[in-house]
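To keep things clear, I will list the structure first and then write my remarks on it.
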Amino acid sequence: LAQTVELLGWKERYVIAGDFNSGLPLDTGIREMKKHFTELDCGRGPTHKLGTRLDHMFIGASDRPFACRTGDQRYGSDHSPLIAVFPADS
């Protein structure tokens, strides 16, 4: 993803979010994302029904963080949603 962002020339004001299927201690996916992007604090609890946090939300390293949270219900999915509140000036 970091290479794609660089190739596209994105410098700011973007969000990368979703199910990263990266919940095992040996999995380096989220650690790699944190090297290139800023992770928003959407809570610390599990996002998957099996008790693991698989869902994450990242923004550009120079972007201003905004509020997000993990939803209380799964709405028929095996994942809880991440809910972002974008600033009015975005």
Side-chain angles (χ1 to χ4, degrees):
L1 283 172
Q3 290 174 335
T4 300
V5 167
E6 185 176 334
L7 286 170
L8 292 171
W10 295 353
K11 302 293 183 202
E12 59 184 24
R13 299 174 69 105
Y14 58 85
V15 176
I16 301 170
D19 173 3
F20 286 84
N21 278 332
S22 183
L24 299 174
L26 298 177
D27 192 338
T28 61
I30 295 302
R31 283 195 302 257
E32 285 298 314
M33 290 293 290
K34 288 179 179 182
K35 288 180 185 178
H36 302 280
F37 309 105
T38 300
E39 183 173 14
L40 293 178
D41 183 1
C42 298
R44 296 285 174 238
T47 59
H48 189 268
K49 69 179 182 178
L50 296 179
T52 303
R53 186 162 199 92
L54 299 178
D55 302 87
H56 301 270
M57 190 175 300
F58 295 91
I59 57 174
S62 62
D63 289 340
R64 189 177 66 204
F66 50 87
C68 72
R69 65 181 177 84
T70 302
D72 297 333
Q73 298 180 34
R74 290 196 295 270
Y75 302 99
S77 173
D78 57 345
H79 293 261
S80 298
L82 299 182
I83 301 166
V85 180
F86 294 96
D89 64 345
S90 56

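These numbers come from a predicted model, not from an experiment.
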Considering non-hydrogen atoms only, spot the tightest contact between [X] and [Y] and give its length.
X   : Y   : result
L54 : H56 : O-CD2, 3.3 Å
C42 : L82 : CB-CD2, 4.0 Å
A84 : C68 : CA-CB, 3.9 Å
G71 : S80 : O-CB, 3.6 Å

Find the distance between [atom1] ([X]) and [atom2] ([Y]) and round it off to the nearest 0.5 Å.
X   : Y   : atom1 : atom2 : answer
F66 : I59 : CZ    : CD1   : 5.5 Å
I83 : D72 : CD1   : CG    : 7.5 Å
Q3  : L8  : CD    : CG    : 12.0 Å
T38 : R64 : OG1   : CZ    : 13.5 Å
W10 : I16 : CH2   : CD1   : 6.5 Å

#### Entry: side chain to side chain donor-acceptor pair (under 3.5 Å) partners for R69, two or more places apart
none
### Query
For N21, which residues count as a side chain to side chain donor-acceptor pair (under 3.5 Å) partner, sequence neighbours excluded?
none
### Message
Donor-acceptor pair, distance only, cut-off 3.5 Å: does the side chain of S77 make one with the backbone of H79?
### Response
yes
## Note on the structure
Contacts of E39 meeting salt bridge (charged side-chain N to carboxylate O under 4.0 Å, His left out) (sequence neighbours excluded), chain-then-number -> K34
## Note on the structure
salt bridge (charged side-chain N to carboxylate O under 4.0 Å, His left out) filter on R74, not counting sequence neighbours, yields none
### Task
Only counting residues at least two apart or in another chain, list the ones meeting side chain to side chain contact (heavy atoms under 4.5 Å, CB included) with A2.
H36, F37
### Task
State yes or no: do L40 and F86 share one hydrophobic cluster built from I, L, V, M, F, W and Y residues joined by side-chain heavy-atom distances below 4.5 Å, directly or via other members?
yes
### Query
Shared ILVMFWY cluster between M33 and M57, side chains joined below 4.5 angstrom?
no
### Task
For residues I30 and F58, determine if any side-chain heavy atom of one lies less than 4.5 Å from a side-chain heavy atom of the other.
yes
### Task
Any salt bridge (charged side-chain N to carboxylate O under 4.0 Å, His left out) involving residues 41-57? Give me the pairs, sequence neighbours left out, ordered by first then second residue.
D41-R44
